[in-house]
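Working notes for the structure below.
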Amino acid sequence: MKVLLVAPLQSIATYGRIEWLLANSTNLTILNTSPSASINDYVNLSPSNLTITNLPHSLCYSSPQFNLPLPFSEFFRSLLLRFPQPLKILTYRFVRSLRLNEYDKIFFFYGPEALWFTYMFSLHAPEHKNFYTILNLLPSYVYVKPFRTFSLLRSNFTAEGLLHSMLFRLNTTYIVASELMQDYLYSLSPDPPPSPTYCILDTFSQHSWPSTSSTANLINSTSLSIIFLGAPQRWGGDIIDNIEQTILDLCSCGHRVTAGFKLKTAHPLFSSYPFFSNTEALDGTLSNFANKFDFALICYGYPYLSERFRSTIPTRFFASIAAGLPILLPRTHLPAVEALVLKHNLGYVYNSVSDLTLLDYSSYLDCRRSVKLFREAHCPSNQLFPSHHYS
């Protein structure tokens with residue numbers, strides 16, 4: 001089976017999807033939508049049945065921070081709604097040059113970007129009947145300094161408006177990150193939904209697991225060692241995640257916390273760890289470092305619960321599971337993650353920091369065992385592969 005994956009190699013979340021597709025296809029071609037990244041950022045990926053090509057720079061928008069593709073720029077709204085004629089000509093020529101009829105399945109990956117490319121390809125290749133759009137997050141209101149508010153999600157054009165106007169007129173099968181996301185899409189769709197939907201978790205492969213698993217120490221519930229595996233300082237992690245207060249609350253109760261950025265307010269129980277590259281995150285180096293901690297903290301510091309955070313399973317969750325760490329999660333921060341943690345006994349969901357004193361060693365060991373079982377069951381080669389074909 002010949003497969004095309006349209007995805008940004010800049011995101012380490014793409015790695016699990018690549019291995020998943022390699023395990024289920026005889027030939028995989030990747031159309032890289034982030035020109036600043038390359039397959040060299042990935043380890044253990046050089047099979048003979050893998051081909052890489054880059055999206056032309058003329059179809060990309062470069063931001064000074066991340067060299068992000070079009071959907072995350074001011075262009076997204078105008079392109080999606082107005083589709084200027086020059087770009088229409090460029091995309092038509094490019095999409096037709098890909099000879100899509102040679103591929104059995106075409107996958108689009110990574111949230112709003114996947115929606116954009118599904119739209120672009122289905123517009124110019126409507127005859128192709130096997131599009132699969134992988135949504136690991138849904139667009140929603142986001143305002144993060146120093147970046148501007150994404151104009152797509154301002155004024156009269158809301159995230160729900162995008163989903164209503166676009167999702168169910170695309171000729172595609174949806175692969176979503178969580179059951180909450182699946183339910184949300186069904187709540188917006190006609191009855192019955194015109195597009196089938198699969199819920200398939202994104203995961204990290206065995207290569208990213210620690211080479212040796214540390215023995216769980218007898219935890220001291222009044223002084224836990226906690227690591228936060230969110231965005232690093234150089235990617236604006238301290239601003240994007242906005243969890244300084246959550247960390248200070250944990251430290252103030254005697255817990256030791258480390259993260260990939262520095263706090264504005266210093267605390268003796270907080271430390272920052274050095275930057276780990278994509279390669280180090282994927283070859284087990286990060287997991288070997290993180291595995292010695294008691295818990296991995298997963299949260300975002302946004303003051304409201306948007307669909308963007310309600311139904312997503314963030315990459316930091318899979319990085320934590322890959323490291324073999326139980327999850328520590330403030331209640332209501334990420335409901336889809338909370339549902340997974342509670343269903344599979346993957347960690348501890350707390351209402352207040354004082355709840356952590358109730359942890360006991362036996363329950364903690366059960367969590368670590370559950371994490372390893374979950375990790376094994378959801379490695380890319382064991383994941384479901386959709387077999388649906390449109391008639």
Side-chain angles (χ1 to χ4, degrees), residues 1-11 13-15 17-42 45-62 67-73 75-76 79-80 83-136 166-167 169-175 195 385-391:
M1 181 171 60
K2 192 174 181 180
V3 172
L4 173 66
L5 171 65
V6 182
L9 290 180
Q10 189 168 14
S11 169
T14 306
Y15 183 82
R17 294 302 184 187
I18 293 174
E19 289 216 333
W20 173 61
L21 291 172
L22 282 172
N24 291 280
S25 62
T26 55
N27 187 291
L28 174 64
T29 298
I30 299 174
L31 174 58
N32 175 25
T33 61
S34 53
S36 62
S38 74
I39 199 65
N40 295 329
D41 296 335
Y42 294 72
L45 272 186
S46 56
S48 58
N49 62 334
L50 177 64
T51 305
I52 310 291
T53 186
N54 289 319
L55 186 73
H57 281 270
S58 57
L59 299 181
C60 289
Y61 168 83
S62 297
N67 194 21
L68 294 173
L70 278 167
F72 294 97
S73 73
F75 285 164
F76 191 14
L79 288 175
L80 191 62
F83 218 71
Q85 190 65 23
L87 185 67
K88 185 175 182 180
I89 296 171
L90 282 172
T91 56
Y92 175 80
R93 290 176 177 172
F94 175 70
V95 171
R96 300 308 290 186
S97 73
L98 293 174
R99 298 180 180 178
L100 298 184
N101 60 316
E102 296 180 3
Y103 296 97
D104 300 298
K105 296 177 187 287
I106 300 173
F107 290 81
F108 307 93
F109 179 58
Y110 200 63
E113 177 176 335
L115 289 177
W116 159 248
F117 284 110
T118 306
Y119 177 76
M120 186 172 77
F121 276 58
S122 61
L123 181 70
H124 296 312
E127 71 281 0
H128 203 289
K129 303 300 182 183
N130 287 304
F131 289 151
Y132 294 81
T133 303
I134 304 173
L135 295 175
N136 63 332
M166 189 176 177
L167 276 176
R169 61 190 178 92
L170 297 177
N171 179 30
T172 189
T173 296
Y174 289 100
I175 298 172
S195 303
F385 193 73
S387 58
H388 178 84
H389 287 262
Y390 284 97
S391 58

Looking only at non-hydrogen atoms, find the nearest pair between [X] and [Y] and report the distance.
| X | Y | result |
| --- | --- | --- |
| His128 | Asp104 | CE1-O, 4.2 Å |
| Ala7 | Thr14 | CB-CG2, 3.8 Å |
| Arg96 | Ala125 | NH1-CA, 3.6 Å |

Under the side chain to side chain contact (heavy atoms under 4.5 Å, CB included) rule, what do Tyr132 and Val3 come out as? Steps first, then yes or no, please. CA-CA 11 Å; Tyr132 294 81; Val3 172; over 6 Å; no
Would you confirm whether the ring centroid of Phe107 sits within less than 6.0 angstrom of the ring centroid of Trp20? yes
Measure the spacing between [atom1] of [X] and [atom2] of [Y] and express it to the nearest 0.5 Å.
| X | Y | atom1 | atom2 | answer |
| --- | --- | --- | --- | --- |
| Thr29 | Ile106 | OG1 | CD1 | 10.5 Å |
| Lys105 | Met1 | NZ | CE | 5.5 Å |
| Leu22 | Arg17 | CG | CZ | 13.5 Å |
| Ile134 | Thr173 | CD1 | OG1 | 11.5 Å |

Is there a side chain to side chain contact (heavy atoms under 4.5 Å, CB included) between Asn27 and Tyr103 once you walk through the steps? CA-CA 9 Å; Asn27 187 291; Tyr103 296 97; 5.5 Å; no
Could you check whether any side-chain heavy atom of Thr26 comes within less than 4.5 Å of a side-chain heavy atom of Asn49, counting everything from C-beta outward? no
Min side-chain heavy-atom separation Asn136-Phe109 under 4.5 Å: yes
So Leu98 and Leu31, side chain to side chain contact (heavy atoms under 4.5 Å, CB included) or not? Walk me through it. CA-CA 10 Å; Leu98 293 174; Leu31 174 58; 4.2 Å; yes
Result for side chain to side chain contact (heavy atoms under 4.5 Å, CB included) between Ile30 and one of Leu9, Val6, Thr51 points to Leu9
For Phe108, give me all partners under ring pair (Phe, Tyr, Trp, His ring centres under 6.0 Å), at least two apart in sequence or on another chain. Phe121, Phe131
Check for a donor-acceptor pair, side chain of Thr172 on one end and backbone N or O of Thr133 on the other, with a separation under 3.5 Å. yes
